[in-house]
Number of protein chains: 2
Amino acid sequence: MSIKIGIAGYGNLGRGVEAAVTNAPDMELVGIFTRRDPATVKTATGAKVYKWEDAKSMKDDIDVMILCGDSANDLPEQTPEMSQYFCCIDSFDTHANIPTHFAKVDEVCKKAGTLSMISVGWDPGMFSLNRIYSQAILPNGNDYTFWGKGVSQGHSDAIRRIEGVADARQYTVPVQSALDKVRAGENPELTTREKHTRECFVVAKEGADKAKIENEIKTMPNYFADYDTTVTFISQEELDRDHKGIPHGGMVFRTGVTGLNGEEKHVIEYKLTLESNPGFTSSVLTAYARAAYRMHNEGTVGCKTVFDVAPTYLHPDTADEQRAHLL
Amino acid sequence: MSIKIGIAGYGNLGRGVEAAVTNAPDMELVGIFTRRDPATVKTATGAKVYKWEDAKSMKDDIDVMILCGDSANDLPEQTPEMSQYFCCIDSFDTHANIPTHFAKVDEVCKKAGTLSMISVGWDPGMFSLNRIYSQAILPNGNDYTFWGKGVSQGHSDAIRRIEGVADARQYTVPVQSALDKVRAGENPELTTREKHTRECFVVAKEGADKAKIENEIKTMPNYFADYDTTVTFISQEELDRDHKGIPHGGMVFRTGVTGLNGEEKHVIEYKLTLESNPGFTSSVLTAYARAAYRMHNEGTVGCKTVFDVAPTYLHPDTADEQRAHLL
């Protein structure tokens with residue numbers, strides 16, 4: 001019996017989930033739900049497209065709904081809404097607002113008897129898992145998270161909002177010398193500037209003042225002012241040709257000590273090198289949909305995060321097979 | 001209320017657990033159980049030492065017993081024995097025999113109402129976790145596990161059994177060019193010889209035939225014959241001075257693809273660099289003792305592995321704190 005999946009929202013993430021579910025041997029894609037006119041949405045696999053409002057009438061046809069909206073505008077409303085009818089998975093990634101989002105979804109789930117998992121992906125998600133495992137194992141130590149090299153959509157958007165900018169792509173790049181110090185177990189104290197640089201590729205509109213654009217980028221508070229930032233002006237053709245992908249990744253480190261007097265040093269490193277940020281994130285969402293289905297079948301309800309999911313639930317093999325082949 | 005811990009067996013691993021429990025804010029070390037005469041055992045912290053046979057009479061004084069014996073001779077008997085009275089944690093690492101060991105411990109636990117976790121450590125353990133998470137996320141891909149640079153006790157012991165050898169230390173070393181290919185996502189097919197080399201430091205007895213020893217090492221089936229092996233003869237003083245530590249570590253990789261036609265490549269790497277193998281392993285055992293205590297308090301019984309433990313149980317903070325600070 002396959003797990004019946006719905007996808008709510010059809011952007012980069014939705015397309016990624018469509019591919020992951022299609023390739024999963026134990027899942028079946030029931031349909032994609034959109035706020036646009038379904039007739040205007042062409043899916044990569046020919047999956048059926050439904051109106052958003054039709055979802056609730058399909059309560060019994062779908063085991064898990066994977067939400068593919070954005071964290072700023074969509075998920076704070078959509079996850080509680082859909083959790084009334086379905087077990088849901090979302091990738092809510094506004095770290096500071098996780099407790100509020102959790103409480104809202106938990107209340108709905110407990111009332112409805114559903115199980116929803118929030119903040120699934122790689123950060124929050126796989127990176128969070130590495131933080132909690134590593135802190136639990138090495139309680140006496142330091143955490144470091146580096147991102148990149150990868151595209152930050154938020155920073156790219158911020159540049160595009162500047163007057164005279166036609167298009168832009170921003171890469172977050174970890175500083176090699178900082179990485180080297182952490183890997184060597186030196187436990188450095190690192191400022192924001194010492195951890196990452198920002199590389200901006202910008203297409204200026206005709207006649208725009210490039211010096212002014214560059215200055216506006218480099219001095220932009222929150223986004224760029226605290227970083228060493230480089231700005232390179234290129235043509236739209238170059239941007240489309242050389243900067244089309246959405247690579248990302250990064251590293252989570254824990255450096256800590258064991259021994260009665262902390263005499264033994266250890267370094268734990270978890271590193272992701274991703275050619276496609278939405279492709280990988282949607283694969284994580286899909287694995288957690290399997291876990292949500294299994295845990296809900298066992299009677300678990302409420303809001304959960306990756307911290308609450310035993311790894312056995314994620315993998316399609318039986319527990320016996322997992323112990324025999326993976327342990 | 002602190003978690004009351006017992007330690008069964010007092011070698012390198014037992015001393016490591018003693019340190020980890022002593023440094024944990026939510027644990028208390030009740031005592032160490034030994035098959036030797038307790039009067040002959042001097043503990044690093046002054047912890048009390050009891051006769052092995054006294055353990056069962058202390059059933060109500062100990063929440064979790066951490067077993068620190070070896071996988072070949074001790075744990076197959078000791079974990080089932082102790083699981084009659086206690087929730088136990090062991091580091092059983094004979095991969096091929098895990099299903100048998102699991103079944104035996106599971107039967108005892110279910111009869112006694114205890115919860116025991118087997119095969120806890122880093123391989124099996126943290127490496128297994130990375131294998132299961134990464135396979136679940138990237139079902140279409142390849143796994144690679146590399147060990148080292150680190151001391152293999154089993155290989156060191158095998159050399160010591162050769163006639164004319166006074167002492168020896170063997171390091172397992174991953175081959176850099178193989179690592180580079182895996183990290184680049186080339187998905188190489190690697191033979192045993194292509195993945196690791198073996199470096200042996202040997203102290204020969206006076207008058208021993210060094211050429212014969214070297215040849216015996218390099219042609220030893222299972223241990224060395226399938227590897228490029230180097231043998232370096234040194235003095236006992238050099239061995240004691242330069243090869244005293246027990247470093248280890250290694251890497252688990254998953255390279256895989258996402259996208260409808262596998263068009264996006266990803267690399268997941270988990271890397272441990274450990275100054276002390278028993279120091280780190282005992283820290284993992286101690287974190288899982290916390291999880292066993294909490295899960296047993298919720299009514300869970302039977303044999304478990306790291307695959308069955310949701311990460312939230314490992315970390316001393318509350319679930320609210322974990323979500324706020326680690327997610």
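First the proteins, then the strands, lettered A, B, ... as listed; each starts at 1. Side-chain atoms are counted along with the backbone in the values below, which use heavy atoms only and exclude waters and symmetry mates.
The part of B:Thr305 that comes within reach of chain A is its side chain, from C-beta onward, which places non-hydrogen atoms under 4.5 angstrom from that chain. Residue B:Asp93 does not touch chain A at all, counting heavy-atom pairs closer than 4.5 Å. For chain A, the nearby parts of B:Leu274 are the backbone and the side chain; heavy atoms of each come within less than 4.5 Å. A:Asp123 touches chain B through its side chain: at least one heavy atom from C-beta onward sits under 4.5 Å away, while N, CA, C and O do not. Looking at A:Tyr288, the atoms closer than 4.5 Å to chain B (heavy atoms on both sides) all sit in the side chain, from C-beta outward. Interface remark: A:Leu129 contributes side-chain atoms only to the contact with chain B (heavy atom separation under 4.5 Å). In this structure, the portions of B:Ala44 lying under 4.5 Å from any heavy atom of chain A include both its backbone and its side chain. Of the atoms belonging to B:Leu138, it is side-chain heavy atoms, and not backbone ones, that fall under 4.5 Å from chain A. Looking at B:Val309, only its backbone comes within 4.5 Å of chain A, counting heavy atoms on both sides. Only the side chain of B:Asn23 comes within contact range of chain A, with heavy atoms under 4.5 Å apart. Contacts of B:Phe102 with chain A are made by side-chain atoms alone, with heavy-atom separations under 4.5 Å and no backbone atom involved.
Between atom CZ of residue A:Arg183 and atom OG1 of residue B:Thr273 there is a gap of 9.0 Å, rounded to the nearest 0.5 Å. In this structure, SG on B:Cys303 lies 7.5 Å from CZ on A:Arg323, to the nearest 0.5 angstrom. Atoms OH and OH, on A:Tyr133 and B:Tyr270 in that order, are 9.5 Å from each other to the nearest 0.5 Å. Distance check: A:Leu326 CG to B:Gln135 CD gives 4.5 Å after rounding to the nearest 0.5 Å. Between atom NE2 of residue B:His266 and atom CG of residue A:Asn277 there is a gap of 9.0 Å, rounded to the nearest 0.5 Å.
Around the CD atom of A:Glu107, the shell of radius 6.0 Å holds no more than 12 heavy atoms that belong to other residues, nucleotides or ligands.
Nearest approach of A:Phe307 to B:Gln322, heavy atoms of both residues: CE1-O, 3.5 Å. Nearest heavy atoms, A:Ala136 versus B:Ala287: O-CB, 3.6 Å.
Most heavy-atom pairs under 4.5 Å with chain B: of the set A:Ala96, A:Ala310, A:Ala19, A:Pro99, this distinction falls to A:Ala310. In terms of non-hydrogen atom pairs under 4.5 Å with chain B, the most contact-rich of A:Ala324, A:Gly185, A:Ser283 is A:Ser283. Considering only heavy-atom pairs separated by less than 4.5 Å from chain B, the leading option among A:Ala291, A:Ala20, A:Ser276, A:Ser282 is A:Ser276.
The shortest side-chain heavy-atom distance between A:Leu327 and B:Val306 falls under the 4.5 Å cut-off. Side-chain atoms of A:Ile268 and B:Met126, non-hydrogen and from C-beta on, never get closer than 4.5 Å to each other.
B:His243 is linked by a ring pair (Phe, Tyr, Trp, His ring centres under 6.0 Å) to B:Tyr171, B:Phe201, counting only residues two or more places apart in sequence or in another chain. Every residue two or more places apart in sequence or in another chain that forms a ring pair (Phe, Tyr, Trp, His ring centres under 6.0 Å) with A:Phe92 is listed here: A:His101.
For A:Glu275 (side chain) and B:Glu264 (main-chain N/O), no donor-acceptor pair under 3.5 Å exists by modelled atom type.
Taking 4.5 Å as the heavy-atom cut-off, the residues of residues 311-320 of chain B that approach chain A are B:Pro311, B:Thr312, B:Leu314, B:His315, ordered by number. Near-neighbour residues of residues 249-261 of chain B relative to chain A, defined by a heavy atom under 4.5 Å from a heavy atom of that chain, comprise B:Thr258, B:Gly259, B:Leu260.
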